[in-house]
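In what follows, a structure is listed as structure tokens, so that the remarks can point back to it.
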Amino acid sequence: MTKYNLPVGPQHPALKEPASFWFKVEGEVIVDVDIRLGYNHRGIEKACESRNYIQCLYLLERICGICSHAHTTAFAQGVEEILGLEIPARAKYIRVIIAELERIHSHLLWLGVAGHEIGFDTLFMYAWRDRETVLDILELISGNRVNYAMNTIGGVRRDIDQAKREQILGMLDPLAERVKFYTDLVTSEPTCLARLENVAPVPADKAVALGTVGPTARASGIKVDVRRDDPYAAYAEIPFEVITSERGDLLGRAIVRLGEIGESVKIIKYALQNLPEGPLTVKAPRKVAAGEAVSRVEAPRGEDIHYVRADGSDHPERVKVRAPTLANLFAVGESMKGAYVADIPIVIASIDPCFSCTDRMIELVQSRTGTSSVMTWEELREYGIRWYGHGHRS
Amino acid sequence: MCGQEQQRSDLARRDILAELCARFPGEVGEAAAPRPGRAWATVSREVLRPVTEFLLGCGPGAYLSTITAVDTGEEFQAIYHFWVAGTELNLRVRLDRREPAVPSIMDLHPGANFYEREIHDLMGIEVTGRGKLERLAVPDDWPEGHYPLRKDWPGLPGGESA
């Protein structure tokens, strides 16, 4: 059978990790994948070296529009470790509350995108409507829907007072109900099952060897979660379950994320009800004595790791960031071998990468004749929906 | 060797640094455990591969979080961040500025692929034994020999710089 090369991407240069996938296809089946990144490498690590620690915090917040709090938490923790600062208990709890709101926001956003990619736009609209609840809460606390700027070196910048706490608690229960509804829907609705069940599975051994993290790893049965394994902020004091699935497929990733929203709601309620009294910050010096630290955070997509090296001045000597998408992209590429062209959009979306809201060009090149045709991402999405609509693989 | 009978969910935090020192006597320098869950050690690049193999064998969930390349001015360092048996073990390899190269560990841990390409693109650390290092972080038309994270990087010819 004639082999085709199918380049997907690169695309809109607005996000941290736009990617280009080169698929080799035989008929409808993907036989090989190559990934190229870096189309929008912004040099943030280098830029940090010429900024002071507070400026770095604001720059790192902008690595990602969704997990901005994860990055500032990771960086602030690293600097605090070098300084030997113990932040106040109240600040630790508020860091947890924001982190879990961010996780719900991210997972609901993902659910909507996944619904859209499989042609289930009603799910997309429902999920994004419910996501508004979380964005409203984040705005109530921080004044911002995204990029909340809650962290500073030595604590957090804003409090959550009693009136706000009660208001937020009242908003969480209806959200938890909705998540139960989505869990039932995703595990029983025929469109979801047809497009998610047994698609592009990653077995557990491969998930470890390829270094996957977060929900992608947990959906392959790997019980790994920085919040439990390497507790930071107030996570050691707050009860919660690490959700896993043995499935390894796209359905497993959906089940894990939805389960995690339920756990996040529990964590937020516990933290709001048990918020310790006390100050929000401890004073941090402007200059940081020479030292280094490795800081890990469980971002919505998995382990976010920062390395910070200080040289005694007011700006870091080196900042290194590894966001979770980089750890997961390689596995998703490998898992696509054997999948269908029609699965490309949802498989890429399944790890919740940072490039789902973009317009991509798909070029189909027939290797023998050299002819090519061009499809947009939207056309590829519609192709996948049509292909399944015609009863393939049913 | 480390026990393979552990469940993936097992969280038993072991003294991985002591195990490493015992397994590679005389090879592990600057060993430090500043707090629970963090350990630091320095090894030469000659033993990087056997040490990697040992660490990845310590529990079914062991993996490489990432590799950090550092330019201290006097030398380069490649720091391998392993999550193993409940500890983030940061394994430092010191490299001469004149010949910054490390052996690839991609065959031992395929997940190292992107991280090896990244330290080459941005810090100019050669990774031997894995074939051509395809570019990952810098563009295809990025000039050869320009490694932006080096402290002495002068910026791109034509004016653009950090």
Side-chain angles (χ1 to χ4, degrees), chain A residues 34-41 43 45-47 49-50 81-82 84 204-213 217 220-224 226 228-232 242 244 291-296 303-309 311 317-323 326-331 333-334, chain B residues 7-11 13 34-40 56 59-73 77 79 81 83 85-90 92 108-115 117-119 121-123 134-140 142 148-151 153 160-162:
Chain A
D34 193 22
I35 304 172
R36 175 76 165 88
L37 299 172
Y39 290 93
N40 197 17
H41 195 279
E45 292 178 8
K46 182 80 173 178
E49 294 173 10
S50 57
E81 185 171 332
I82 300 172
D205 56 343
K206 218 167 184 178
V208 173
L210 297 175
T212 55
V213 294
S220 292
I222 314 292
K223 200 164 187 175
V224 59
V226 181
R228 181 197 67 140
D229 304 343
D230 190 15
Y232 55 95
V242 176
T244 58
E292 59 189 343
V294 172
S295 172
R296 303 166 76 232
E303 177 202 40
D304 177 25
I305 182 165
H306 284 216
Y307 166 85
V308 186
R309 186 183 174 95
D311 60 2
E317 186 183 356
R318 175 85 170 93
V319 177
K320 157 81 186 169
V321 177
R322 201 276 281 126
L326 187 60
N328 286 330
L329 262 181
F330 196 59
E334 289 295 300
Chain B
Q7 290 299 304
R8 272 183 217 100
S9 58
D10 188 9
L11 242 189
R13 177 170 283 163
R35 67 172 172 94
R38 288 291 178 281
W40 296 79
L56 292 175
Y63 73 100
L64 177 74
S65 292
T66 191
I67 309 171
T68 299
V70 179
D71 179 0
T72 66
Q77 299 177 356
I79 307 175
H81 307 280
W83 177 250
T87 297
E88 189 74 14
L89 180 75
N90 306 295
R92 195 190 316 268
L108 306 173
H109 190 56
N113 184 347
F114 286 173
Y115 310 136
R117 286 157 69 181
E118 192 183 9
I119 61 169
D121 275 359
L122 299 178
M123 196 64 92
E134 298 288 342
R135 282 183 169 177
L136 183 80
V138 294
D140 292 332
W142 189 262
L149 280 182
R150 289 190 177 183
K151 295 288 185 190
W153 182 54
E160 238 190 297
S161 71

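Sequence lines set the chain letters: A, B, ... in the order given, protein chains first and strands last, and positions in each chain run from 1.
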Under 4.5 Å to a heavy atom of chain A? For B:Arg135 that would be both
Here the pair of heavy atoms bringing A:Glu317 nearest to B:Asp71 is OE2-O, 3.9 Å
Heavy-atom pairs under 4.5 Å with chain A - which of B:Asp121, B:Leu108, B:Thr72 has more of them than the others? B:Thr72
The interface call for B:Pro110 against chain A, heavy-atom contacts under 4.5 Å, is both
In terms of heavy-atom proximity below 4.5 Å to chain A, should B:Val138 be classed as side chain, backbone, both, or neither? backbone
Determine whether B:Arg92 and A:Glu292 make a side-chain contact, defined as any pair of heavy atoms from C-beta on separated by less than 4.5 Å. yes
Carboxylate-amine/guanidinium proximity below 4.0 Å for B:Glu118 and A:Arg322: no
Please look at B:Glu134 and chain A and tell me whether the side chain, the backbone, both or neither of the residue comes under 4.5 angstrom of a heavy atom of that chain. neither
Using a 4.5 angstrom heavy-atom cutoff, name the option from B:Ala62, B:Pro139, B:Ser65, B:Ala69 with the most pairs to chain A. B:Ser65
Is there side-chain contact between A:Arg318 and B:Thr68, with heavy atoms separated by less than 4.5 Å? yes
Does any backbone or side-chain atom of B:Ile79 lie under 4.5 Å from a heavy atom of chain A? Answer side chain, backbone, both or neither. side chain
Heavy-atom distance under 4.5 Å to chain B: side chain of A:Leu210, backbone, both or neither? both
Under 4.5 Å from any heavy atom of chain A, what part of B:Ala112 do you find: side chain, backbone, both or neither? neither
Among B:Val70, B:Asn90, B:Ile67, side-chain contact (heavy atoms from CB on, under 4.5 Å) partner for A:Tyr307: B:Val70
At a 4.5 Å cut-off on heavy atoms, which part of B:Thr87 comes close to chain A: side chain, backbone, both, or neither? neither
Contact class of B:His81 relative to chain A, heavy atoms under 4.5 angstrom: side chain
Per-residue contact mode, B:Asp140 against chain A (heavy atom under 4.5 angstrom): both
